[in-house]
Amino acid sequence: MSFTVESLVADPLVRTRLVAGDSGLRREIAWAHTCEVADPWNWLGSGDLLMTDGYSFPSEPAAQVEFIRELFLANISGLALGEGFVAPPLTTEAKEAADELGFPILQTARSVPFVTIARVVAETSASGQSNSRPARVLRLYDILRRNQRPGPGDELLDLLGAELRADLHVFDLTQGRDLLPSHVELPASLRRRALERAAEQGGQLSAFNRLTDGDFSALLVPVGTRDSAALVLRVRTPDDAPDLVLAQHAAMIAELEVERRAARAARARTRGADLARRMLDGNIEPDAARAQLRSLGLGDGPWIVTAWAEVTPQGPAGSGNSSKLVDALAFVAWPHLHTFVEDTHLIVVEHSRMESGLDLDDLEVTMGASQTFSAMARFADAFREARWALESARQAGLASAVYGAHGSYFMPNTVAEGELAVRRLLGPVVDYDQANDAHLMESLQVYFEVNRSWQAGARRLGIHKQTLVYRLKKIEELTGADLRDFGVQAELYLALRTWRLLNPT
């Protein structure tokens, strides 16, 4: 038999009487707790009895009415005020509101400590029943235990929601992207309000945040301790109210699952990046590479290599480990390999994925794509094609380009043309460097990067100014070029950029 407000009032030990809201005597009490914060409805759960000495209970009639309405909407069982402490008198308007809502307001004798009420509720509540809160908590963790093999049919949130009689959604608090799958769509307006609430609190959510979606109640609960994700629990009927304690356990279970998935995804990303590097360097047998691509979900081909450059307020992004593109890749469902080479993100996908779109939000990026390939021996060439297409897109001011379909006004149109241009203009310098470890190509690149300043170039290279002068004179000697001629400088600069594209470090 359930323990109700009427049961509490009838117990002579607690010396508690009803002062308003008598139609709510049958409201069940699952727990009794003291709370003196200004918004106790955000800290107590469904079926809890609020006990207070009145420190947070307002004195103005309108404020008292609003206080009572918030408690009622949160499905709090009732309000017990300590007699003779600091609680202001209950106004006529507050009593009328409590009567109208059927929300019990009680008064406990000063001689009875609130711990007595708490013990009576704890001892007489139906803790042994199958639908008690402890039993439901155990069932929640049993769902987690039985759901340890996630995949396309993962139903963790759906199973938890069935136990809680609510729809659950877990998403990050930066972009609002789902971190766990759910078969129920979260209303866009509710997702937006949740993100706004997180922003209002500076990204540091309080333990519970009550939201509304029309006539339906919802809770926003932080997931984890880094304030980066949250759980939204939306009840399925307007007459129901979310249980805060069960919501906290659901958030903890979600945290465990999110971290498990993140660890698994991190391992896959590391394997993929290592595979891409080995394929690029030619340090893996074709059959082994094909088998690993298959194990990572990229099938049997054909594949496409894409090269991406991010645009930041400071210019192209220079880090491959922390960027908006890398963050976005953590949320995509399609298989891919990702690694970072120089200032370029390399992403390998199946050709069919490119046809349906990569769906990487509205990132400020430029992308170049290679031609499709099926032979592992073509991977390094495809990477060069992708970088070539990326450079063509940059030169033409396009968001994307496909190798062979877009050209640049000032760069060779293909890898073959680029190799020919480099050989004609810089071939003797490249050969001299390889034979003598002379660093002429590096010196020429730095010379252009510092706007042809001898002093700045020497400082960056860590050499004497005259050593840099000698190296550039050697380049003139090998190529027959006059570096005082601006047209020659332009040709060598473009040839040097082409060489960098063809030979990433």
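All residue numbers refer to positions in the sequence shown, counting from 1.
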Could you measure the distance from the [atom1] atom of [X] to the [atom2] atom of [Y]? Nearest 0.5 Å is fine.
{"X": "Leu79", "Y": "Leu106", "atom1": "CG", "atom2": "CG", "result": "7.5 Å"}
{"X": "Leu156", "Y": "Ile253", "atom1": "CG", "atom2": "CD1", "result": "7.0 Å"}
{"X": "Leu73", "Y": "Leu101", "atom1": "CG", "atom2": "CG", "result": "8.0 Å"}

Got [X] and [Y] here, is their nearest side-chain heavy-atom distance under 4.5 Å?
{"X": "Leu298", "Y": "Val349", "result": "no"}
{"X": "Thr4", "Y": "Leu25", "result": "no"}
{"X": "Leu186", "Y": "Leu190", "result": "yes"}

Are there over 12 heavy-atom neighbours, none belonging to [X], within less than 6.0 Å of that residue's [atom1]?
{"X": "Glu60", "atom1": "CD", "answer": "no"}
{"X": "Tyr55", "atom1": "OH", "answer": "no"}
{"X": "Arg236", "atom1": "CZ", "answer": "yes"}

Please find out if less than 6.0 Å separates the ring center of Phe67 from that of Trp41.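 Centroid separation for Phe67 and Trp41: below 6.0 Å.
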For Asp178, check side chain to side chain donor-acceptor pair (under 3.5 Å) against everything at least two apart and list the hits.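 Expected list: Arg191.
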Can we say Glu200 and Arg197 salt-bridge, meaning some charged N sits less than 4.0 Å from an Asp/Glu carboxylate O?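 Here Glu200 pairs with Arg197 in a salt bridge, since their nearest N and O are under 4.0 Å apart.
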Would you call Arg69 and Glu66 a salt bridge, using N to O less than 4.0 angstrom?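 No, Arg69 and Glu66 are not salt-bridged.
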